[in-house]
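Each remark here refers to the structure printed beneath this line.
Counting convention: from 1, in listed order, for ligands and their atoms alike.
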Amino acid sequence: MLHTVKAYYFFALLFISCAAKPPRETGNFKPTDLVEIITLDSTIKLDIRYATSNNFVGRPVYQEARAFLQRPAAEALVKINASLRPLGYGLLVFDGYRPWSVTKLFWDITTEENKKFVADPKKGSRHNRGCAVDLSLYELSTGKEVTMTGIYDEMSERSFPDYKGGTAQQRKLRDLLREKMELNGFTVYPYEWWHYDFNGWQQYRISNIQFSEIR
Ligand SMILES: C[C@@H](N)C(=O)N[C@H](C)C(=O)O
Ligand SMILES: [Zn+2]
């Protein structure tokens, strides 16, 4: 019974988020040029959690396990991935461009207390602009995701980029990712070690197109 009520609630919110409209923006914006990351570098790994049930929603919210970014941001990731290779690591991407309707759904299902872990749809997420990426590292020798101080989309202090807990190795890897990202034009989100905004994100519009519509 509880399961049925929860499912009803989820689909009601999904319907609302799909029917809702992104905020109107005025001004001059760069043209949207979303590129699929793996077409630039197939050694960047994907684990698109939002296309699976293994995410904080507990259900897939994407129909396709793909990741896109505005071209300059995607090109910067290729450089970062190359600079990690001699150290034995590669990039593991959880999410890139995200349609605005998904940001609205995330906001609607998240408690007040945890709203700092999701973007306000009234302002839009930098993911909606194709200028934010959620990512971690994988080990080249095993192909496995490394262990960071907290898990992806964990809504706790372990997610803060300056969290002092965890092991020295976990903090070292989290800080290695941050160092490489910052050297290449990204800024970490103050509550999530995995979320990076590409500098200049303000120059791109909020989009609400589905992955299948990206040309
Ligand atoms: C939901 C989480 N992965 C994330 O991306 N959070 C930031 C704040 C966002 O929604 O833009
Ligand atoms: Zn993010």
Kindly confirm or rule out an N or O of [X] lying under 3.5 angstrom from an N or O of ligand 1.
{"X": "Arg126", "result": "no"}
{"X": "Ala119", "result": "yes"}
{"X": "Asp134", "result": "yes"}
{"X": "Phe56", "result": "no"}
{"X": "Lys116", "result": "no"}

Touching ligand 1 at all, [X]? Heavy atoms, strictly under 4.0 Å?
{"X": "Phe94", "result": "no"}
{"X": "Tyr50", "result": "yes"}
{"X": "Tyr152", "result": "yes"}

Does the separation of the ring centres of Tyr89 and Tyr138 fall below 6.0 angstrom? no

Distance flag, aromatic centroids of Tyr189 and Tyr196, threshold under 6.0 Å: no

Please report the shortest heavy-atom distance between Leu137 and Leu92, naming the atom on each side. C-CB, 4.2 Å

Just to confirm my numbers, could you give the angle made at the Zn ion (ligand 2) by NE2 of His127 and ND1 of His195, rounded to 10°? 100°

Got the closest protein heavy atom to [atom], with its distance?
{"atom": "atom 5 (O) of ligand 1", "answer": "Arg98 NH2, 2.9 Å"}
{"atom": "atom 4 (C) of ligand 1", "answer": "Glu192 OE1, 3.5 Å"}
{"atom": "atom 11 (O) of ligand 1", "answer": "Ser125 OG, 2.6 Å"}

Can you say whether the rings of Tyr50 and Tyr152 are parallel (under 30°), tilted (30 to 60°) or perpendicular (over 60°)? tilted

Under 4.0 Å from any heavy atom of Trp194, which atoms of ligand 1 are there? 3 (N)

Using a strict 4.0 Å cut-off to heavy atoms of Tyr189, name the atoms of ligand 1 that fall inside it. 8 (C)

Answer yes when Glu179 and Arg174 have at least one side-chain N-carboxylate O distance shorter than 4.0 Å, and no when they do not. no

Salt-bridge test for Glu145 and Arg49: reply yes if a basic N is under 4.0 Å from a carboxylate O, no otherwise. yes

Verify whether one side chain among Thr52 and Asn54 offers a donor that lies under 3.5 Å from an acceptor in the other. no

Under 3.5 Å, is there a donor-acceptor pair between the Glu154 and Ser156 side chains? yes

Can you see whether Trp201 has Arg126 sitting over its ring - NZ or CZ less than 6.0 Å from the centre and within 45° of the normal? yes

Does Trp107 reach the main-chain N or O of Val118 with its side chain, forming a donor-acceptor pair under 3.5 Å? no

With backbone taken as N, CA, C and O and side chain as the heavy atoms from C-beta onward, which portion of Asp153 lies under 4.0 Å from ligand 1: side chain, backbone, both, or neither? side chain

Distance check below 2.8 Å: does Asp134 bring an N, O or S atom to the Zn ion (ligand 2)? yes

